[in-house]
Amino acid sequence: KAAVERYLASEAGQRAVRNKLVAEVVGNYYTLLALDEKREVMLQYVALQKKAVQLAKIQKEADAGTQLAVEKFAAEMAKGEAEECGLREEIAAREHTLNLLLGRLPQAIVRKPKDLAALPLPSAEGALAVERLLARADVVQAEHELAAAKWDVETARKEFLPQLNVSAALGVNAFNPKYLVRLPESVVWNALGTLTAPLINKRAIRAQFAQADAQQLNALYNYEKTLLGAFVETHAALSKLEHLALVAGHKREQYAALTRAVAAAQQLYANNRASYLEVNDSEREQLDCRLSLIDQKLEQLSTLIGLFSSR
């Protein structure tokens with residue numbers, strides 16, 4: 001029975017390893033999608049800065065602007081191009097990581113572009129339910145290890161019990177030699193039962209029992225620790241998801257306000273009623289907010305992946 005429990009524990013351990021591998025693959029895939037979206041946002045920002053450079057040059061030629069505004073927009077455009085190159089490098093590295101996890105040679109990862117901000121999130125309701133916690137791979141593994149340790153103690157305890165040994169003998173016997181060849185009259189069956197107590201190796205049995213008992217206590221402690229850790233981990237993940245949802249809502253409001261601010265700043269600059277610095281700052285803040293929204297959604301997805309991968 002102990003061997004069966006250990007086999008079931010090993011199966012649960014294998015399930016935990018498989019879940020972890022799948023979680024790594026899914027997590028890297030969503031990170032790749034986030035990098036794709038960031039690169040697309042950065043390309044849009046670079047294109048916006050190119051238009052700003054052209055507008056600044058036109059205003060300079062009409063004596064409504066200065067060379068400083070042209071150089072400032074050109075510098076911001078070059079900065080965006082450099083950041084886009086960095087994102088391309090990150091994408092290539094993430095593709096190599098995914099191919100390694102999938103056991104493949106380096107190749108392009110086929111994916112469909114998605115708007116992560118609009119991607120619906122699965123519900124984590126009921127994640128703290130008792131049946132879900134007890135069904136986690138790590139908890140199941142610890143449970144079977146505890147059961148195996150219990151059967152080890154039972155086996156060690158039985159070693160203290162006396163053993164009944166039954167021996168038998170079959171032969172012929174007769175008081176008169178002439179009857180020895182007469183069968184089956186001379187057949188004799190002997191059965192002897194002895195009760196043997198473990199006296200010789202009693203110390204070894206005690207040591208074995210103490211070891212099994214200590215292993216059971218250790219398995220019990222490990223099971224309690226695993227179960228408590230599963231509850232704390234799940235509770236922390238749910239709290240984090242709730243917090244991230246609130247932050248994402250405020251970030252969306254900020255992005256909407258910055259979008260309106262950028263439109264107003266560009267209109268005022270075109271009418272020579274705002275400086276290039278106001279336009280530049282508004283556009284950079286809008287870019288940072290958009291990238292932050294992508295990171296926020298990726299963090300939500302990563303938390304959910306970690307939550308579901310432990311099952």
Side-chain angles (χ1 to χ4, degrees), residues 30-88 90-91 111-123 239-304:
Y30 277 117
T31 302
L32 192 57
L33 292 181
L35 290 172
D36 287 340
E37 188 169 345
K38 282 185 175 182
R39 181 171 175 266
E40 183 62 30
V41 170
M42 194 59 65
L43 288 173
Q44 294 173 4
Y45 181 73
V46 170
L48 183 64
Q49 295 307 308
K50 286 182 180 179
K51 291 181 180 179
V53 170
Q54 294 173 357
L55 179 60
K57 287 180 178 180
I58 293 174
Q59 288 191 339
K60 178 193 171 186
E61 292 173 357
D63 292 332
T66 63
Q67 183 64 26
L68 180 61
V70 176
E71 298 299 337
K72 182 64 177 177
F73 284 124
E76 193 66 27
M77 181 181 67
K79 180 181 179 181
E81 290 174 339
E83 291 179 0
E84 189 269 333
C85 289
L87 288 170
R88 274 190 291 169
E90 287 187 51
I91 289 172
R111 54 194 182 274
K112 295 181 179 179
K114 293 183 179 180
D115 183 9
L116 286 185
L119 189 67
L121 296 175
S123 174
S239 299
K240 184 178 181 180
L241 285 172
E242 184 178 356
H243 171 73
L244 289 174
L246 293 175
V247 173
H250 294 308
K251 284 287 183 182
R252 285 191 293 269
E253 293 176 0
Q254 179 188 6
Y255 181 74
L258 286 173
T259 301
R260 294 191 296 268
V262 167
Q266 290 173 344
Q267 185 66 33
L268 291 172
Y269 180 72
N271 295 328
N272 203 21
R273 296 179 59 189
S275 68
Y276 67 91
L277 290 175
E278 293 174 309
V279 177
N280 200 298
D281 290 342
S282 299
E283 291 174 346
R284 172 53 68 169
E285 286 181 9
Q286 183 192 34
L287 172 67
D288 292 340
C289 185
R290 179 70 184 277
L291 297 178
S292 178
L293 271 173
I294 297 173
D295 289 334
Q296 198 77 22
K297 194 56 172 284
L298 181 60
E299 192 171 359
Q300 287 178 296
L301 289 169
S302 300
T303 305
L304 281 169

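This is a predicted model, so every value here is computed, not measured.
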Establish, from distance only, whether the side-chain atoms of Tyr269 and Gln59 form a donor-acceptor pair under 3.5 Å. yes
Heavy-atom pair of closest approach, residues Tyr255 and Leu293: CB-CD1, 3.9 Å
Salt-bridged, Glu37 to Arg290, with N to O below 4.0 Å? yes
Taking CD in Glu242 as the centre, count heavy atoms belonging to other residues, nucleotides or ligands within less than 6.0 Å. Is the count above 12? no
Which residues pass the side-chain contact (heavy atoms from CB on, under 4.5 Å) test with Gln254, sequence neighbours left out? Lys251, Leu258, Cys289
The test is side chain to side chain contact (heavy atoms under 4.5 Å, CB included); show your working for Thr66 and Lys60 and say whether it passes. CA-CA 5 Å; Thr66 63; Lys60 178 193 171 186; over 6 Å; no
Residues in salt bridge (charged side-chain N to carboxylate O under 4.0 Å, His left out) with Glu299, at least two apart? Lys240
Show me the pairs that pass side chain to side chain donor-acceptor pair (under 3.5 Å) and involve residues 271-284, at least two apart or across chains. Gln49-Glu283, Glu76-Arg284, Gln266-Glu283
Test of understanding: with salt bridge (charged side-chain N to carboxylate O under 4.0 Å, His left out), list the residues that count as partners of Lys38, not counting sequence neighbours. Asp295
List for me each residue that meets side chain to side chain donor-acceptor pair (under 3.5 Å) alongside Arg260, sequence neighbours excluded, and say none if there are none. none
side-chain contact (heavy atoms from CB on, under 4.5 Å) against Leu121, all qualifying residues, sequence neighbours excluded: Lys297, Gln300, Leu301, Leu304
Supply the atom-to-atom distance Leu48 CG to Gln286 CD, rounded to the nearest 0.5 angstrom. 7.5 Å
List the steps, then state whether side chain to side chain contact (heavy atoms under 4.5 Å, CB included) holds for Glu83 with Leu87. CA-CA 6 Å; Glu83 291 179 0; Leu87 288 170; 5.6 Å; no
